[in-house]
Amino acid sequence: MPELPEVETTRRGLQPHLLGRSITRTEILQPRLRWEVPPDLGAKLGGREIVEVGRRGKYLLLRTSHGTLIIHLGMSGSLRIATSEATLRKHDHAVFSLDSGERLIFHDPRRFGALLWSHIASDEHPLLRSLGPEPFDPRFHGGYLYQLARKRRCTVKTLIMNQRWVVGVGNIYANESLFIAGIRPDRQAQNIARKRYQKLAETVRQVLTDAIAQGGTTLRDFSNAKGQPGYFQLTLQVYGKAGEPCPRCGALIHMQKVGQRATFFCPRCQR
DNA sequence: ACTGGCTCCTGAGGGC
DNA sequence: TGCCCTCAGGAGCCAG
């Protein structure tokens, strides 16, 4: 589920509740997530002040002086702040009690998410080490994508969804960005001109920026730290719209699988 | 080295 | 109403 805008929306919502606070108690109700939750996670976190509420790609990073709690939301994960009396729901897998009296609750029906501990600088953690640049990093630009594409045999959509090359772009925002850039998702990455990659890099940044401003996209179950949905789904132009008219030219939006993922595009506008 | 396919889960929705 | 099938914001892992 959550792509960069949803994770960033979550981060911004959590920050005022977590920054400068300490975790007084950790309850793991379901340790079997993407990876087993470390049994000593509570001991590592206990009493440590949260000095930074960060994000790297789709990972949330709660940094303390002794290490970092790495959180990934997978496909269906969410985090919310609740009072100490609030009742738990099905699929609430972890509860972190704070010295403010509030609780941070990790909820994830499909359990593709992760809660991990990094005692080293989190950038060096194996999961984060080989991540590509943030889309807002100046190192991410059209020329960078173009150079990458020279030596790969994959579609342009697969290229921009690979977290190794650029982080944060998932299925929804890949579809939307390629529509706005006018590029067919199933085009071989090698066969696209430098100038079009410049447009694509700008478009990716713009789409993610707009989505963050709208609080992310809620298709079925995303909600922010307060349990509220996002609104970017109202802005979606092609994702999930197979058979509907293209908002630009009126041709019917086409759906096909690209790299095993549902892919939506306008066969007339996108080349 | 890459690339494509499979896999981990639960729940929703459609067809019969 | 129920059963069965397919599909879903991710991404690591493995074989080829």
Side-chain angles (χ1 to χ4, degrees), chain A residues 1-11 29-37 55-60 70-79 89-94 106-116 125-132 135 148-178 185-186 188-190 204 207-208 210-212 214-224 229-243 255-264:
Chain A
M1 107 160 144
E3 306 181 34
L4 187 151
E6 291 73 36
V7 178
E8 179 61 19
T9 295
T10 300
R11 190 195 70 76
L29 308 171
Q30 169 57 275
R32 303 190 55 175
L33 304 179
R34 172 80 196 250
W35 294 281
E36 182 96 9
V37 178
R55 179 188 61 72
R56 179 76 176 95
K58 301 176 191 174
Y59 292 89
L60 267 169
I70 299 177
I71 305 174
H72 196 284
L73 299 176
M75 286 281 263
S76 60
S78 61
L79 288 161
R89 305 181 196 145
K90 192 176 183 184
H91 305 304
D92 285 343
H93 303 318
F106 176 83
H107 178 89
D108 184 11
R110 292 180 71 181
R111 291 196 267 131
F112 289 171
L115 296 174
L116 297 169
H125 189 279
L127 284 174
L128 308 190
R129 199 168 39 205
S130 52
L131 292 177
L148 267 178
R150 291 309 85 212
K151 31 188 197 282
R152 333 241 141 238
R153 273 184 31 264
C154 65
T155 64
V156 60
K157 183 177 180 233
T158 307
L159 184 82
I160 62 170
M161 285 180 68
N162 190 331
Q163 306 300 298
R164 190 181 178 89
W165 313 133
V166 58
V167 295
V169 180
N171 201 28
I172 293 179
Y173 300 113
N175 278 290
E176 294 298 305
S177 300
L178 288 161
D186 59 349
Q188 284 300 305
Q190 284 180 327
V204 165
V207 166
L208 295 176
D210 292 347
I212 292 168
Q214 307 248 32
T217 299
T218 297
L219 291 182
R220 64 197 92 240
D221 53 14
F222 171 72
S223 59
N224 66 21
Y231 294 97
F232 193 74
Q233 64 277 12
L234 304 174
T235 308
L236 294 178
Q237 305 201 64
V238 290
Y239 183 83
K241 301 200 183 288
M255 195 285 273
Q256 75 183 54
K257 295 266 182 180
V258 174
Q260 291 111 245
R261 309 296 297 275
T263 302
F264 303 87

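Lettering of chains follows the sequences in order, A, B, ..., and the numbering in each one begins at 1. Below, all heavy atoms of this structure are taken into account, side chains as well, without hydrogens, waters or symmetry copies.
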Test of ring centre spacing under 6.0 Å for A:F232 and A:Y239: no
Touch class at under 4.0 angstrom, heavy-atom based, for A:K58 against every strand present: sugar-phosphate
Distance in angstrom units between A:H93 NE2 and B:dT10 C1', rounded: 9 Å
Whether A:Y59 and A:H72 hold their rings parallel, tilted or perpendicular, with breakpoints at 30° and 60°: perpendicular
Nearest non-hydrogen partners of A:G230 and A:F222, listed with the distance: N-CD2, 4.4 Å
From C:dA8, C:dG10, B:dT3, nucleotide with atom closest to A:R153 side chain: B:dT3
Sugar-phosphate, base or nothing in reach of A:F232, heavy atoms under 4.0 Å: nothing
Sugar-phosphate, base or nothing in reach of A:Y239, heavy atoms under 4.0 Å: sugar-phosphate
Conformer about C1'-N of B:dG13 - syn within 90° of 0, anti elsewhere: anti
Between P of C:dA11 and CE of A:M161, the distance in whole Å: 8 Å
Separation of B:dC9 P from A:L73 CG (nearest whole Å): 19 Å
A:D186 versus A:T155, closest heavy-atom pair with distance: O-CG2, 3.8 Å
Identified pairing partner of B:dG11, criterion: Watson-Crick or G-U wobble below 3.5 Å: C:dC7
Touch class at under 4.0 angstrom, heavy-atom based, for A:R34 against every strand present: base
Integer-rounded Å distance: C:dG9 C1' and A:I212 CD1: 15 Å
